[in-house]
Amino acid sequence: MASASTTASRSPETTTRAPASASHDSRPAVDVTALTTRDDFLLDLGQALGRQAVVQPVESLDGALRSMAGAKRAQVLAIDAREVPDVRAAVDAAHAQVPRAVVLVFAEGPAEKELGAALKDSRVFAVLPTSIEPRKTQAVFADAMAAALQAPPTSGATPPAVWERTIAAFRRQPQQPGEELAGSRPRLVLIGAALAAALVVAGTVWFFMSGRGGPVTPATQPAATAAAPGTAAAPGTAAAPAATAAPTDHAPAPAAPAASLLLEGKVDELLEKARLAMHERRFAEPAADNALLYYRSAAAADPVNGEAQDGLQRVAGVLAARFEEALSGGRVDEAVLTLANFKAASAGDPRVAGFEQRLFSAEVSKALADGNVDRAAALLHQAQQSGSFPADQLARWRSDIARRQEDVKVQHLATLVEDRIRDGRLTEGDDSAKSHLQQLQSGAPANAATQRAVHDLTAAYLKKAREAALAKNSADEERWLTEARGLGMKAADITAFQREVSGARQKAVQADAERMLQLTRAALRDGRLTDPAQDSAAWYLGQLQSSDPANAAVADASRELAGKLLERARAAVFAGKSGDADLAQAKRFGADPKEALAVQQLTPAKSKGPDTAALASRLTRLRGASPDYPAPALTQHLSGSVVLEFTVDTSGETRDIHVVEATPPGVFDQAAINAVKHWRYAPPLVNGAAAEVPVRTRMRFELPK
């Protein structure tokens with residue numbers, strides 16, 4: 001990706017190397033000057049040339065001519081046609097002042113062919129595209145540098161006319177003697193990279209185990225590690241550890257602080273690698289192969305090198321923007337590493353102090369937001385030790401941490417209150433909702449969490465009081481209302497609650513009465529007057545009389561049931577049976593006394609059969625199991641009795657079983673009926689035939705001793 005044009009100052013002195021140079025001088029025999037203001041063009045050109053040459057950038061034709069004039073070395077001038085209004089005039093001026101110079105012109109798009117035609121009769125060596133093709137550019141530069149070396153030192157030498165090469169025409173020449181060492185460099189680079197990787201791992205452990213939590217100051221940065229005298233690290237080999245962070249969505253995470261990481265090598269090679277890293281946007285990562293590392297290493301080797309200082313400032317600009325982005329995005333860890341690298345690129349930058357304070361503040365805020373109060377307290381301690389933060393800022397952080405510690409404690413207690421309410425542990429013991437709420441009220445009475453806990457526990461007390469009231473347990477109701485008063489519930493609110501509970505209780509009674517009334521009517525309709533014991537009209541109406549005696553519907557249902565019982569008693573008498581049980585039940589439910597007496601007087605007149613009392617005395621019970629004691633009665637320690645009437649038929653089985661009297665009502669009725677159903681008799685004989693016998697018996701239920 002091309003970078004934007006820049007007018008930043010370039011290094012005043014950068015050398016190139018001719019491929020065939022065998023001189024003992026470490027500098028190349030050919031100087032390559034590039035007339036351009038575009039960093040992307042320089043980076044692409046440097047990447048294409050690789051180790052073939054190092055380019056010195058200039059921004060004007062006058063600057064290029066001043067740099068080249070009087071030079072004793074061979075010269076190659078590369079002109080970016082996009083920067084020069086009149087390319088032909090620039091070429092002629094270059095050849096006029098520097099006759100030995102070999103000129104290359106780079107043009108963009110269609111302008112390449114147009115310039116080629118316009119410069120055909122000039123002394124331009126070649127016209128190439130600005131979208132650099134590496135192999136073609138390497139081939140052209142190799143021939144151009146060879147031509148510059150072969151040109152005589154007079155102005156009579158005329159380079160060949162304009163020509164163009166294609167990639168297909170390029171054939172690599174045999175290696176020159178000077179290239180043998182270069183051929184061995186990949187292996188050295190690999191060895192150096194392996195050593196750097198090991199140091200990166202060690203550096204990562206050191207960096208994060210060192211407990212870095214505050215701003216990076218000169219006192220906390222790792223000291224630079226210098227090579228021992230007499231030794232030289234292989235180019236590309238790290239001299240100190242570095243760490244890398246995980247990449248982010250917006251930009252690669254910067255490597256760990258590079259303040260102690262330097263490479264040894266020739267300045268021009270380091271700068272060439274730095275340009276390539278800038279082009280590939282490897283500003284501060286990966287750890288051992290980035291622009292920051294190369295520019296710092298070049299600046300360490302040549303402190304006055306303009307290109308190295310300019311490169312560091314451009315890297316610092318990128319890192320400053322990344323720092324701002326990471327900090328605004330809440331990526332504090334990334335901001336920590338980015339700031340460390342920014343300081344390595346521009347330690348004296350006036351923005352450093354502000355960045356450090358903002359970063360430290362963000363770290364404290366993040367620790368507090370994450371609920372990590374211990375981490376925030378440790379950061380505050382570091383800030384106090386550093387002495388670089390104003391007292392008012394430290395006081396604010398101290399206040400925030402104390403407030404958050406209090407909030408954490410309050411929230412913990414509030415959570416305990418909520419949990420104990422949910423578990424039903426309201427008042428019992430030290431681990432109850434009441435106990436934890438008392439701690440809350442003692443430590444933070446005005447806190448919103450405390451007020452919520454008071455409200456929730458009061459609601460739980462009132463719920464218990466309501467349940468007790470509906471169950472008619474006045475003692476428990478008053479107990480829970482007392483607890484609610486203890487939490488500050490006002491007398492007026494208690495009165496309103498009791499009124500509301502009374503209304504609810506009345507509604508519950510009315511609903512239950514309506515249900516019993518419906519069941520009574522259904523039993524009357526189905527003829528279930530007294531049997532089964534707990535599913536008959538008599539049983540449901542008895543329940544209704546005890547729960548809601550003032551209900552107007554009770555009187556109507558009672559008259560209806562009494563009338564039906566009198567009718568059934570009358571029918572039994574006319575059938576020669578006893579109607580006493582139904583007559584007794586009819587009287588219980590308010591039968592008209594005159595009608596009851598009339599039925600009762602029918603008994604002697606209509607009873608024309610054998611003496612039932614005598615027959616009953618002649619009954620022999622063949623099988624008679626004792627009744628089961630009802631579990632509820634046993635639990636409540638209740639005893640009682642049931643009077644039943646039933647008929648023993650001619651086969652000795654019981655039928656028409658019904659309760660005449662029960663004490664207490666409805667408790668032992670069904671157990672007595674169930675027992676009688678299984679009784680078997682030997683029926684008496686009347687006139688040689690078995691006779692039905694009406695029986696009346698009392699069954700007693702006594703608690704076991």
Side-chain angles (χ1 to χ4, degrees), residues 5-18 27-39 41-46 49 52-108 111-112 115-116 118-128 130 132 137 140-141 143-163 268 271 275 304-307 310:
S5 300
T6 178
T7 58
S9 62
R10 314 300 177 88
S11 173
E13 180 181 0
T14 304
T15 58
T16 63
R17 175 186 302 156
R27 300 177 62 194
V30 179
D31 292 339
V32 179
T33 303
L35 172 54
T36 184
T37 63
R38 298 176 183 254
D39 285 347
F41 174 74
L42 287 173
L43 292 172
D44 290 343
L45 185 60
L49 295 181
Q52 189 176 6
V54 177
V55 181
Q56 173 183 335
V58 294
E59 298 179 353
S60 66
L61 179 62
D62 291 341
L65 296 179
R66 282 197 303 271
S67 175
M68 298 167 63
K72 298 181 180 180
R73 305 165 65 81
Q75 300 290 321
V76 173
L77 173 62
I79 298 176
D80 183 354
R82 295 171 295 182
E83 307 293 328
V84 180
D86 189 344
V87 178
R88 180 60 182 261
V91 171
D92 292 343
H95 283 137
Q97 294 192 36
V98 189
R100 294 181 57 196
V102 175
V103 180
L104 302 174
V105 175
F106 289 81
E108 185 175 38
E112 180 185 355
L115 276 175
L119 299 173
K120 194 166 187 178
D121 57 347
S122 70
R123 295 172 58 191
V124 171
F125 189 78
V127 177
L128 298 171
T130 52
I132 292 175
T137 304
V140 172
F141 261 88
D143 288 342
M145 288 188 288
L149 288 170
Q150 294 169 5
T154 65
S155 60
T158 304
V162 175
W163 58 280
D268 58 343
L271 292 175
R275 295 188 200 103
V304 298
N305 188 286
E307 183 178 358
D310 176 60

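For Ala93, the side-chain contact (heavy atoms from CB on, under 4.5 Å) criterion is met by Leu61, Leu65, not counting sequence neighbours. Here Arg66 pairs with nothing under the side chain to side chain donor-acceptor pair (under 3.5 Å) rule; sequence neighbours left out.
The structure places OG of Ser60 at 11.0 Å from CD of Glu83, a figure rounded to the nearest 0.5 Å. A distance of 12.5 Å separates CZ of Arg100 from NE2 of His95, quoted to the nearest 0.5 Å. Distance check, rounded to the nearest 0.5 Å: CD of Gln56 to CG of Leu271 gives 11.5 Å. Summarising the geometry, atom CG belonging to Leu35 is positioned 9.5 Å from atom CZ belonging to Phe41; distances are rounded to the nearest 0.5 Å. Here CG of Asp31 is found 11.5 Å from CG of Leu77. Values are rounded to the nearest 0.5 Å. How far OG1 of Thr137 is from CD1 of Ile132: 5.0 Å, rounded to the nearest 0.5 Å.
For Arg82 (side chain) and Phe106 (main-chain N/O), no donor-acceptor pair under 3.5 Å exists by modelled atom type.
In this structure the side chain of Phe141 never reaches within 4.5 angstrom of the side chain of Val102, judged on heavy atoms. Taking the side chain as every heavy atom from C-beta outward, Val32 and Met145 approach each other to under 4.5 Å. Counting only heavy atoms from C-beta outward, the side chains of Leu119 and Arg88 approach each other to under 4.5 Å.
The heavy-atom pair separating Val76 from Ala144 by the smallest distance is CG2-O, 4.1 Å. Contact between Val87 and Ala81 at its shortest, heavy atoms only, is CG2-CB, 3.9 Å. Minimum interatomic distance between Ala34 and Leu42 (heavy atoms only, all atoms of both residues): CB-CD2, 3.9 Å. Nearest heavy atoms, Met68 versus Ala101: CE-CB, 3.4 Å. Closest approach of Val140 and Ala126 over heavy atoms only: CG1-CB, 3.9 Å.
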Apply side-chain contact (heavy atoms from CB on, under 4.5 Å) to residues Val103 and Arg123 and explain how you reach the verdict. CA-CA 8 Å; Val103 180; Arg123 295 172 58 191; over 6 Å; no
Test side-chain contact (heavy atoms from CB on, under 4.5 Å) on Val105 and Phe125 and set out the steps. CA-CA 8 Å; Val105 175; Phe125 189 78; over 6 Å; no
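In summary, the side chains of Thr37 and Glu59 do not present any donor paired with an acceptor at a separation below 3.5 Å, with no hydrogens or angles considered.
Just one residue in the list Leu104, Thr33, Val124, Val91 forms a side chain to side chain contact (heavy atoms under 4.5 Å, CB included) with Ile79, and that residue is Val91.
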